[in-house]
Amino acid sequence: MLAAARLDATKNGAFLLLLFHFHRRHHDARRLFSTAVCLRPPPFESIKDQALLLVQLQGHIARGHLSRARHLFDQIPTPDVRAYNDLIRAYSSPVAAADALHLYRRMLLQRVAPNNYTFPFALKVCSALADLHCGRAIHCHAIHAGLHADLFVSTALLDMYVKCDFLHDAAHIFATMPARDLVAWNAMLAGYAHHAMYHHALAHLLRMQAQARLRPNASTLVSLLPLLAQQGALDQGTCVHAYCIRVCLDHKVTDGVLVGTALLDMYAKCGSLVYARRVFDDMPARNEVTWSALISGFVLCGRMTQAFILFKDMLAKGLRFHSPASVACALRACANLDDVRMGEQLHALLAKSGVHADLTAGNSLLSMYAKAGLIDQAIAFFHEMADKNNVSYSALVSGYVQNGRAEEAFLVFKKMQACNVDPDAATMVSLIPACSHLAALQHGRCSHGSVIVRGLASETSICNALIDMYAKCGRIDLSRQVFDMMPSWDIVSWNTMIAGYGIHGLGKEATTLFLDMNNRGFAPDGVTFISIISSCSHSGLVTEGKHWFHEMASRYGITPRMEHYNCMVDLLARGGFLDEAYQFIQSMPLTADVRVWGALLAACRVHKNIDLGKRVSRMIQELGPEGTGNFVLLSNIYSAAGRFDEAAEVRIIQKVKGFKKSPGCSWIEINGSLHAFVGGDQRHLQSSEIYRELDNILLGIKKLGYQPDTTFVLQDLEEEEKEKALIYHSEKIAIAFGILSLSEDKTIFVTKNLRVCGDCHTVIKYISLVKRRAIIVRDANRFHHFKNGQCSCRDFW
DNA sequence: ATAGGGTTAG
């Protein structure tokens with residue numbers, strides 16, 4: 001009979017099913033039922049059996065065929081609550097979240113009442129979308145249905161409020177829940193942890209164990225550890241690690257990877273890379289996230305070489321970056337490693353895998369190009385980006401500044417505001433250095449005002465940028481004011497303030513501040529010593545500089561890097577101790593690089609020590625005079641010695657190798673607008689007036705005994721021609737313009753991108769005397785204050 | 001669990 005039934009299943013299946021049912025032959029009924037599932041079209045038309053459709057629906061969902069499931073669902077004439085629940089549940093992944101909510105709405109329209117299974121799934125969707133509006137509506141429905149106190153429903157509500165950042169409501173639900181399981185406790189903890197509410201989180205954790213007698217599981221710790229990492233709570237983190245080992249939390253592989261990754265991230269963020277590495281090595285399994293976390297840790301601690309090795313190891317193991325977050329990690333590593341080629345490969349990967357549109361990864365990419373000096377590529381990418389946010393704009397602003405195009409940074413900032421994108425602290429921290437570069441005090445003051453209005457004026461990083469800005473705009477007094485008013489300092493604050501004194505030639509003040517720093521228990525770092533030694537160097541405090549160099553290693557345990565040797569050579573050479581500087585270089589434990597030799601070469605040029613200059617230039621030629629500066633110096637030395645053929649030769653090599661000399665340029669800010677000049681510039685609207693003024697001045701000071709020092713002219717010209725080339729150096733033009741534009745009591749403040757030459761230095765001294773004006777010139781190196789024919793510097797450089 | 005932009009020195 002069964003065989004006959006099976007043969008005939010398509011026609012009389014419904015009849016037979018009922019027959020089996022009445023004869024209590026459940027087994028046969030079920031077998032027939034399952035055969036029927038495979039048949040198409042659905043044979044039980046006479047019954048219109050929804051149960052059968054439901055089974056098919058579940059089959060499609062289980063196999064992940066969502067579109068087939070949807071198709072089937074739409075054929076059900078009156079889907080019941082179970083059908084809705086099944087499909088909503090299937091849709092509850094973030095990708096299909098919108099469909100799920102749509103279905104939930106349709107369910108209500110069809111007057112199908114949601115039940116205790118519906119609400120948690122629908123709420124999960126709201127959590128994923130952080131859709132508070134929908135979440136609240138569903139909360140009302142749950143209350144209406146009398147289900148809001150159900151354990152699963154209320155836990156889902158709690159989670160929804162947490163994910164929507166409505167912690168207050170979440171806490172209220174938690175407090176009024178009739179019963180709470182570990183999931184609920186964990187959800188609440190995640191909320192506290194996510195909002196960096198350290199004390200709340202810890203109290204909650206203790207209550208969970210004491211009152212509810214619940215023991216932390218993997219997801220408890222996965223919430224807790226990032227909080228400890230952020231707080232730098234290494235000791236508590238270590239306790240958590242011990243707990244993990246005690247309760248064998250790594251037994252389940254998935255838990256092991258999650259907890260292990262969180263642990264190693266905690267160690268790395270607390271600066272304990274050895275332990276981070278040990279956790280990593282002991283993990284039974286690792287994934288993309290684990291590797292990203294470790295690489296980020298090394299990058300964070302500035303251990304670039306090891307970060308690079310890890311990066312290569314990961315790729316060699318066949319692992320690749322896929323998720324936007326880990327691509328962002330990898331790109332950040334590339335930016336810090338200066339590995340543009342790897343960055344470009346990741347760019348290609350992004351474009352191929354469709355992660356391209358991800359804002360986070362896109363912003364990292366933008367910043368990577370900017371940091372690598374490929375500003376044009378950064379700009380191009382910025383324009384390609386489908387959506388941009390304030391991070392994208394900030395990255396571009398800082399990209400322009402880092403690549404010496406500060407004026408354009410202001411344009412981007414303007415455009416950003418025109419597009420109604422709100423600048424935040426990081427944007428302002430990117431923008432303020434643009435004012436520092438340009439020495440544009442008015443712009444800087446505006447930015448300061450803007451920062452105050454935005455309520456950001458007491459943020460440490462903002463204040464640091466302001467200190468630097470005022471120092472570089474010639475107002476070291478305002479720098480100190482900002483410094484004194486800060487609520488708290490970090491190492492950058494101290495370093496910036498010390499360096500500020502340095503460029504103003506205030507070595508004594510720099511030293512005093514350094515001692516203050518020590519007294520207040522701030523440990524100096526490598527940068528502090530670069531600042532302090534170079535401030536000694538600018539103030540001619542050779543003995544003090546040497547003293548701090550020795551203290552650095554012996555007392556503070558900081559191993560000198562190439563930068564420190566560079567500073568020392570500069571200190572000695574500037575002070576005129578050329579031979580000592582030469583010996584110092586030869587006694588260095590590191591092989592001196594081009595920059596170190598360059599510092600000595602610059603001193604040879606100024607002190608006109610041609611013999612040593614020749615020896616040093618030979619060294620530089622062997623090393624390859626990287627960058628433009630040393631080519632210029634080298635050729636200047638030859639020029640000064642009257643060996644113009646060799647000077648020209650150096651220039652030719654420079655040109656062939658593609659190093660362009662950046663033209664000397666000076667600028668001055670008058671009433672908030674910048675006026676820039678290059679040597680011999682006649683493009684300014686008031687050009688003829690400016691040159692008339694300048695010629696008058698020069699005529700006057702020649703009567704007082706000024707003689708042009710033509711050794712500062714680089715080309716092989718006749719004396720008269722040389723004089724002309726000198727006369728029209730850009731700083732002289734800018735000063736003449738300043739005299740014309742500013743009333744007599746105002747200080748003239750000119751900024752130059754290169755160093756001021758010796759001849760200009762002399763001329764400016766005379767001008768300050770004849771015109772009775774205070775003149776400040778900021779060049780590539782430091783400040784020169786001119787008054788009554790004197791300069792604050794001992795010598796011109 | 002990893003997660004985007006920013007401040008200092010040369």
Side-chain angles (χ1 to χ4, degrees), chain A residues 218-219 221-226 229 254-266 268-269 286-297 300 321 323-332 335 358-368 370-371 388-399 401-402 423-433 436 459-469 471 490-500 502-503 525-535 537 561-567 569-570 595-596 598-599 780-781:
Chain A
S219 70
L221 302 182
V222 161
S223 297
L224 181 65
L225 282 166
T254 37
D255 286 357
V257 177
L258 292 181
V259 175
T261 305
L263 271 174
L264 83 83
D265 185 58
M266 181 276 299
K269 290 217 172 89
R286 307 172 189 99
N287 62 17
E288 184 190 354
V289 181
T290 320
W291 283 88
S292 300
L294 192 63
I295 294 172
S296 297
L300 188 76
F321 300 95
S323 74
S326 52
V327 173
C329 280
L331 281 167
R332 207 173 167 195
D358 184 78
L359 198 52
T360 306
N363 288 337
S364 304
L365 192 60
L366 174 60
S367 151
M368 192 270 303
K371 279 194 186 127
K388 312 169 172 71
N389 61 1
N390 62 340
V391 175
S392 329
Y393 278 98
S394 310
L396 193 62
V397 167
S398 107
V401 178
Q402 282 165 11
D424 64 0
T427 318
M428 298 311 288
V429 171
S430 310
L431 185 73
I432 294 170
S436 316
E459 297 224 1
T460 305
S461 54
I462 293 267
C463 291
N464 294 344
L466 286 172
I467 293 171
D468 184 58
M469 183 274 293
D490 63 8
I491 183 73
V492 177
S493 323
W494 292 97
N495 291 351
T496 310
M497 195 63 230
I498 291 174
I503 53 175
D525 65 0
V527 177
T528 316
F529 283 97
I530 292 172
S531 304
I532 193 88
I533 296 169
S534 72
S535 78
S537 168
R561 294 195 312 258
M562 192 64 82
E563 287 95 327
H564 297 102
Y565 290 108
N566 198 351
C567 279
V569 171
D570 190 63
R595 302 176 65 105
V596 175
N781 238 320

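Letters go in sequence order (proteins before strands), and every chain restarts at 1.
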### Message
Rounding to an integer number of Å, can you tell me how far A/R595 CZ sits from B/dA9 P?
### Response
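Rounded to the whole Å, the gap is 13 Å.
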### Query
Over how many whole Å does the gap from A/I532 atom CD1 to B/dT8 atom P extend?
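My rounded result for the distance is 18 Å.
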### Task
Go through the structure and list residues passing side chain to side chain donor-acceptor pair (under 3.5 Å) with A/D468, not counting sequence neighbours.
A/K472
### Message
Going by side chain to side chain donor-acceptor pair (under 3.5 Å), name the residues that satisfy it together with A/S223, two or more places apart in sequence or in a different chain.
### Response
none
### Message
Classify A/R286 by what it touches in the nucleic acid, base, sugar-phosphate, or nothing, heavy-atom distance under 4.0 Å.
### Response
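No contact.
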### Query
Across the strands shown, which category fits A/V397 at heavy-atom distances under 4.0 angstrom: base, sugar-phosphate, nothing?
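Answer is nothing: A/V397 stays at 4.0 Å or more from every strand.
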### Task
Assign a letter to each nucleotide of nucleotides 2-7 of chain B from its 5' end: B, base within under 4.0 Å of a protein heavy atom; S, sugar-phosphate only; -, no contact.
BBBBBB
### A/S534 side-chain N/O to B/dG10 phosphate OP1/OP2 under 4.0 Å
yes
### Task
Using modelled atom types only, decide if a donor and an acceptor are shared between the side chain of A/H564 and the backbone of A/F529 within a distance under 3.5 Å.
no
### Task
Could you tell me whether a side-chain N or O of A/S537 sits under 3.5 Å from a main-chain N or O of A/I533, the two making a donor and an acceptor?
no
### Task
Could you please name the option among B/dA1, B/dA9, B/dT8 that lies closest to any side-chain atom of A/V222?
B/dA1
### Task
Could you please spell out the steps behind the side-chain contact (heavy atoms from CB on, under 4.5 Å) verdict for A/D490 and A/N464?
CA-CA 9 Å; A/D490 63 8; A/N464 294 344; 3.2 Å; yes
### Query
Does the side chain of A/S398 come under 3.5 Å of the side chain of A/S430 through a donor N or O and an acceptor N or O?
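No.
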